[in-house]
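Numbered from 1 within each chain, the chains take letters A, B, ... in sequence-line order. Worth saying up front: this structure is predicted, and the values here are computed from it rather than measured.
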Protein chains: 2
Amino acid sequence: MKPNLQHSITIFKALSEITRLKIIWLLINMDSKICVSEIIEVLNEPQYNVSRHLRILSKAGILDEVKEGKWVYYFIKTTDSEFMQHIKEAVSTISEKEMTIEIQRCKQRLLERKN
Amino acid sequence: MKPNLQHSITIFKALSEITRLKIIWLLINMDSKICVSEIIEVLNEPQYNVSRHLRILSKAGILDEVKEGKWVYYFIKTTDSEFMQHIKEAVSTISEKEMTIEIQRCKQRLLERKN
DNA sequence: ATTTCGTATGCACTATAATGCATATATTGT
DNA sequence: ACAATATATGCATTATAGTGCATACGAAAT
């Protein structure tokens, strides 16, 4: 499915804010779903902002969400356009030391969650 | 060269405006340099806006410019990061019928320019 | 039933970006 | 030197996006 200009713009706009880009970067590099409170902790951003940014990413069709009890888990939408495939590859090339450290912590917690 | 978050955001922001995305799309699909007045004609946008958008793309490091007499030609910067490589691939998947027609016209004019 | 926890959202405010107009600069042609 | 053409930019205005706070909602625990 080829995207049109308007949809591409929505995606570029969604990724042009630092908190949102961090969220996507995190999700791509972690390769698993994350719930809101985990993102809040990792990014050290107020809950209402994380929530809103997630909504924007969701509306742009980049993320999908699933509710499990009290928690809402967000993850990179799998049914993807060729366009999004390239965008994801682009995002995965972004290197950021601090973020990488946080990812390690996240993965640690993921393991603990599973036990 | 790996981009950091801030630079990636600058690029995403640069591409999240319709006129700018059209310009980049045009340049990628035409695979040649274009001068300001050609873009004005193709996109049917006021000169001052085209000029400003080109500047934003230039500042973001996406475009480069070369002055030839009265004209300033813009083109996709060749010295590219892996990040930009993926972004360009993404942009080139955008399909837009009207734009494609304009590209044909542009290419025609390019040929005439060379003769 | 009430409290607690995780998440979402309406509203007011602030910050950022895009536009229109006028005008400036630079180059070429007369 | 002057007019014409191509491009850039300062300023005021308008449009869009992000933030903070309060509060609402929904699920689980007590």
Using modelled atom types and a 3.5 Å cut-off, is there a donor and acceptor pairing between side-chain atoms of B/Arg20 and backbone atoms of B/Lys13? yes
Strictly below 4.0 Å: does B/Arg20 bring a side-chain N or O up to OP1 or OP2 of C/dA18? yes
Report the distance from atom CD1 of A/Ile18 to atom C1' of D/dT19, rounded to the nearest whole Å. 15 Å
Any donor and acceptor pair, going by atom type alone, linking the side chain of A/Trp25 with main-chain N or O of A/Ile94 inside 3.5 Å? yes
Would you mind reporting whether B/Tyr74 and B/Ser58 have side-chain heavy atoms less than 4.5 Å apart? yes
For the student: nearest non-hydrogen atoms of B/Ser16 and A/Ile9, plus distance: O-CG2, 3.6 Å
Minimum side-chain heavy-atom gap B/Ile76-B/Lys88 below 4.5 Å: yes
At under 4.0 Å between heavy atoms, how does the protein contact nucleotides 25-30 of chain C? Give one character per nucleotide, 5' to 3', with B, S or -. -SBS--
Can you tell me the distance, in whole Å, between the CD1 atom of A/Ile34 and the C1' atom of C/dG6? 16 Å
Roughly how many Å is it from CD in B/Glu41 to P in D/dT7, rounded to a whole number? 12 Å
Let me know the distance between CG of A/Leu15 and P of D/dG18, rounded to the nearest Å. 12 Å
Students often mix this up, so state it plainly: with edges at 30° and 60°, are the rings of A/Phe12 and A/Phe83 parallel, tilted or perpendicular? perpendicular
Does anything in residues 42-49 of chain B reach DNA chain D, meaning a heavy atom under 4.0 Å, and if so which residues? B/Gln47, B/Tyr48
In this structure, would A/Ile62 and A/Leu43 fall into the same cluster of hydrophobic residues linked by side-chain contacts under 4.5 Å? yes
Integer-rounded Å distance: C/dT16 C1' and A/Lys13 NZ: 12 Å
C/dT7 phosphate, OP1 or OP2: any side-chain N/O from A/Ser37 under 4.0 angstrom? yes
Taking the nucleotide of DNA chain D with the closest heavy atom to each, which residue, B/Leu54 or A/His53, is nearer the 5' end? B/Leu54
Tell me whether the OP1 or OP2 atom of D/dA8 has a side-chain N or O from B/Tyr74 closer than 4.0 Å. yes
Between D/dT9 and B/Ser51, is there an OP1 or OP2 to side-chain N/O distance shorter than 4.0 Å? no
Rounded to whole Å, the CD1-P distance (A/Ile9 to D/dT16) equals 13 Å
To the nearest angstrom, how far is A/Glu17 atom CD from C/dA17 atom C1'? 15 Å
According to salt bridge (Lys or Arg N to Asp or Glu O under 4.0 Å), does anything in residues 60-71 of chain A pair up with another residue at least two apart or in another chain? List the pairs. A/Lys33-A/Glu68
Test of understanding: clusters of I, L, V, M, F, W, Y form through side-chain heavy atoms closer than 4.5 Å, transitively. Do B/Tyr48 and B/Ile34 belong to the same one? no
Measure from CD1 on B/Ile40 to C1' on D/dA6 and round the result to the nearest Å. 8 Å
Could you check whether the side chain of A/Arg52 and the base of C/dG10 have a donor-acceptor pair of N or O atoms closer than 3.5 Å, going by distance alone? yes
